[in-house]
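Residue numbers start from 1 in every chain, and the chains themselves are labelled A, B, ... in the order their sequence lines are given, proteins ahead of strands.
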Amino acid sequence: MLSIQLFRTDKELLLEGLKKKNFKDLHLVDEIIALDEERRKVQAESDTLAATINVASKQVGMLMAQGKKEEADLQKATVAASKDAAKNFIQQLATIETDLQEKLLKLPNLPHSSVPAGKTPEDNEVVRQSKDTPNLTAQKLPHWELAAKYELIDFELGNKITGSGFPVYIGQGARLQRALISYFLDYNIAAGYKEYYPPYMVNEASAYGTGQLPDKEGQMYHATEDNFYLIPTAEVPVTNIYRDEIIKELPVMMTAYSPCFRREAGSYGKDVRGLNRVHQFDKVEIVQFSHPGKSYEALEQMVFHIEKLLQSLQLQYRILRLCGGDMSFTSALTYDFEVYSAAQERWLEVSSVSNFESFQTNRMKIRFKDENGKTQLVHSLNGSSLALPRIVACILENHQTPEGVKLPEVLIPYYRDSFIK
RNA sequence: GGUGAGGUGGGUGAGUGGCUGAAACCAAUAGUUUGCUAAACUGUCGUACGGGUUAAACUGUACCGGGGGUUCGAAUCCCCCCCUCACCGCCA
């Protein structure tokens with residue numbers, strides 16, 4: 001949620017940013033400004049009236065104590081007379097505030113100045129790309145065939161137990177999941193992130209906090225009996241750890257593994273074959289809360305952190321700076337990491353790292369005391385390090401050899417073998 | 001699921017209708033002092049939204065789990081909801 005101060009002081013900047021994000025309903029800006037002014041006007045009047053009522057009420061008590069009953073009754077009448085007006089003001093205020101809030105929630109975050117203009121993924125900017133491309137000559141099997149060949153993943157079995165998009169990992173496949181999760185967590189912890197093991201279901205307030213509600217409700221599995229939501233990412237429970245808190249020491253660096261549940265309503269076709277898109281998958285997430293002046297530095301660090309991780313897995317990757325039109329609603333700057341699937345001959349997104357600035361924390365009221373002792377919103381950032389399915393897909397495809405899948409060096413201690421065969 | 005107790009500021013915890021935005025203690029923080037890896041003393045110390053100011057000072061309103069009600073006036077009384085704890089039941 002954008003801060004209301006922006007509307008009072010930087011209207012031009014606001015409009016410019018919204019345009020870059022291809023936001024259409026620009027008239028909302030003027031409506032919000034008008035509502036804000038009205039709100040302040042009504043509040044001033046309401047507060048004044050409330051003040052006079054409070055004074056009169058206090059006098060009733062004093063007069064009664066002195067035994068001046070008639071004068072007290074007079075004051076009572078004064079208060080009673082103002083009561084309707086006071087109630088009216090309160091209702092007016094509530095209406096205006098609800099309206100204001102609703103409109104404010106419709107506006108996306110403003111893009112950072114480095115965000116390229118554009119509307120579609122084609123307009124994303126390639127920041128860096130690893131040089132070498134995998135040299136697969138003899139065989140070039142896609143991961144779903146490799147998974148069948150080595151009995152790693154049974155997609156059909158998942159259909160029977162639950163439904164499509166719920167793969168069952170078996171034997172070496174299951175072991176690889178465990179190895180990757182442990183490796184990713186250890187890698188993050190070594191960089192200073194604190195490990196959390198959060199709940200996999202959250203309440204409504206948490207889902208609102210990170211912005212899954214109200215607009216992305218259909219993407220989450222909902223346990224209606226208790227009104228809990230299955231988390232679509234560990235970002236939700238982990239970020240909410242600090243909801244309504246004033247943080248004592250920045251930065252806060254957290255990492256968590258969790259399964260992720262996504263309904264992915266409306267996705268079909270060859271793009272979702274195998275592990276490319278599933279309803280339940282595993283991911284290790286990193287989250288940071290940062291001083292507003294240092295959040296972009298933190299973002300670059302996170303990008304570097306993930307880049308090194310991908311290099312250690314010997315996967316070919318590229319880093320994209322998303323254009324205004326392709327960025328998420330809440331983000332100010334997003335870098336996507338894609339790894340090249342040699343067998344499918346396409347890039348697959350494996351991580352997305354974003355700075356949300358104060359867009360999330362404004363809604364969740366996550367703050368700190370600045371140098372002058374004033375309470376300010378912190379900046380929040382997060383990224384995947386990493387999402388497993390597509391990493392698994394690329395490891396299988398890109399490291400396939402006639403002898404089996406040769407695992408990268410760093411995974412061997414975790415997998416306790418060097419080949420999947 | 002049943003029964004009981006309870007939800008107050010960073011923490012413990014007092015407060016059962018006006019003198020309470022809230023005692024006391026602890027923590028935190030600033031300073032004073034003592035020549036020692038600390039103690040003593042003093043001050044400051046909730047949040048939000050307004051007004052005000054270059055910025056402060058200052059000032060108004062709201063908030064004692066959430067919502068509603070009674071009353072001139074509510075942390076305090078009433079109703080509904082949520083949550084926590086204890087015991088019982090069930091159980092990985």
Side-chain angles (χ1 to χ4, degrees), chain A residues 1-9 32-105 197-209 213 222-229 237 240-250 252 259 289 358 360-378:
Chain A
M1 188 170 68
L2 292 171
S3 148
I4 192 73
Q5 274 83 348
L6 275 173
F7 293 80
R8 295 179 196 162
T9 54
I32 287 169
I33 291 172
L35 277 171
D36 179 48
E37 274 166 16
E38 196 187 345
R39 202 207 92 233
R40 284 190 285 171
K41 202 186 100 207
V42 174
Q43 189 186 332
E45 290 176 53
S46 175
D47 283 359
T48 312
L49 182 63
T52 63
I53 290 178
N54 286 345
V55 169
S57 294
K58 279 224 165 95
Q59 276 181 0
V60 173
M62 276 161 58
L63 292 168
M64 290 296 272
Q66 290 166 16
K68 299 175 181 170
K69 190 166 178 308
E70 281 176 23
E71 287 178 51
D73 283 342
L74 213 70
Q75 290 294 344
K76 280 192 198 179
T78 316
V79 175
S82 309
K83 251 191 127 177
D84 279 345
K87 259 200 174 142
N88 208 345
F89 274 133
I90 289 167
Q91 265 176 13
Q92 259 189 64
L93 259 185
T95 311
I96 294 170
E97 260 160 30
T98 313
D99 198 7
L100 185 61
Q101 195 74 1
E102 262 173 32
K103 291 199 157 90
L104 221 40
L105 283 173
Y197 191 105
Y200 299 152
M201 291 181 131
V202 295
N203 59 27
E204 216 177 306
S206 294
Y208 264 100
L213 293 179
H222 188 191
T224 52
E225 185 89 7
D226 296 292
N227 200 22
F228 292 154
Y229 292 88
N240 272 284
I241 289 171
Y242 283 94
R243 170 154 51 88
D244 294 320
E245 299 283 338
I246 294 177
I247 296 177
K248 293 240 166 65
E249 220 178 319
L250 291 170
V252 172
F289 292 117
S358 58
Q360 282 186 330
T361 56
N362 186 28
R363 196 191 285 204
M364 281 191 278
K365 299 285 168 268
I366 304 179
R367 295 157 297 172
F368 76 109
K369 297 250 191 225
D370 70 12
E371 300 72 21
N372 304 316
K374 285 193 83 176
T375 316
Q376 265 195 57
L377 296 168
V378 301

Relative to each other, are the rings of A:H222 and A:Y229 parallel, tilted or perpendicular (30° and 60° limits)?
parallel
Using the P atoms only, state how far B:G52 lies from B:G67, rounded to an integer number of Å.
29 Å
In this structure, are over 12 heavy atoms from other groups packed under 6.0 Å from A:Q66 atom CD?
yes
Does B:U37 pair with anything, Watson-Crick or G-U wobble, both distances under 3.5 Å, and if so, with which nucleotide?
none
Shortest non-hydrogen pair, A:R367 vs A:V378, comes out as C-CG1, 3.8 Å
Pairwise P distance for B:G73 and B:C19, with rounding to whole Å
15 Å
Looking at B:U61, I'd like to know if its phosphate oxygens (OP1 or OP2) sit under 4.0 Å from a side-chain N or O belonging to A:N54.
yes
Mate of B:U70 across any strand shown (Watson-Crick or G-U wobble, both atom pairs under 3.5 Å) is none
Whole-Å distance, A:F368 CZ to B:G10 P, equals 18 Å
Could you please name the partner base of B:A22, counting Watson-Crick and G-U wobble pairs only when both distances are under 3.5 Å?
none
Now, which nucleotide makes the Watson-Crick or G-U wobble pair with B:G6, with each of the two distances under 3.5 Å?
B:C83
Before you tell me yes or no, could you show the steps for A:Y242 and A:T361 under side chain to side chain contact (heavy atoms under 4.5 Å, CB included), namely the whole-Å CA-CA distance, both residues' side-chain angles and the distance that decides it to 0.1 Å?
CA-CA 9 Å; A:Y242 283 94; A:T361 56; over 6 Å; no
Distances for protein N or O near nucleotides 47-53 of chain B N or O, under 3.5 Å:
unit_1 : atom_1 : unit_2 : atom_2 : d
B:U47  : OP1    : A:K369 : NZ     : 2.2
B:U47  : O3'    : A:R367 : NH1    : 3.1
B:A48  : OP1    : A:R367 : NH1    : 3.1
B:C49  : O3'    : A:R39  : NH2    : 2.7
B:C49  : O2'    : A:R39  : NH2    : 2.5
B:C49  : O2'    : A:Q43  : OE1    : 2.5
B:C49  : O2     : A:Q43  : NE2    : 2.8
B:G50  : OP1    : A:R8   : NH1    : 3.4
B:G50  : OP1    : A:R8   : NH2    : 2.2
B:G50  : OP1    : A:R39  : NH1    : 3.4
B:G50  : OP1    : A:R39  : NH2    : 3.3
B:G50  : O5'    : A:R39  : NH2    : 2.8

Tell me: CG of A:L93 to P of B:A62, nearest whole Å?
12 Å
If we take the P atom in both B:C81 and B:C26, what is their distance in whole Å?
42 Å
If you count the non-hydrogen atoms of other residues, nucleotides and ligands that lie under 6.0 Å from CD in A:Q5, is the total more than 12?
yes
For atom CG of A:N203 and atom P of B:G65, their distance in whole Å:
19 Å
Just the rounded figure in Å: distance from P of B:A27 to NZ of A:K248.
14 Å
Could you measure between the two C1' atoms, the one in B:G46 and the one in B:A75, and give it in whole Å?
15 Å
Using a strict threshold of under 4.0 Å (side-chain N to carboxylate O), is an ion pair present between A:D84 and A:K87?
no
If you measure from the C1' atom in B:G21 to the same atom in B:A48, how many Å do you get, rounded?
14 Å
So what's B:G60 paired with, Watson-Crick or G-U wobble, going by both distances under 3.5 Å?
B:C49
Taking only the C1' atom of each, what is the distance from B:C64 to B:U16 in whole angstrom?
14 Å
Taking any strand in view, what nucleotide pairs with B:G17 in a Watson-Crick or G-U wobble way, both distances under 3.5 Å?
none
Roughly how many Å is it from CD1 in A:I53 to P in B:U71, rounded to a whole number?
15 Å
Identify each atom pair where a protein N or O and an N or O of nucleotides 16-20 of chain B are less than 3.5 Å apart, giving names and distance.
unit_1 : atom_1 : unit_2 : atom_2 : d
B:G18  : N2     : A:S57  : O      : 2.7

When rounded to whole Å, the CG to P distance for the pair A:D244 and B:G10 reads 11 Å
To the closest 0.5 Å, what do you measure between CG (A:D244) and NZ (A:K365)?
8.5 Å
Side-chain contact, heavy-atom cut-off 4.5 Å: A:L105 with A:R363?
yes
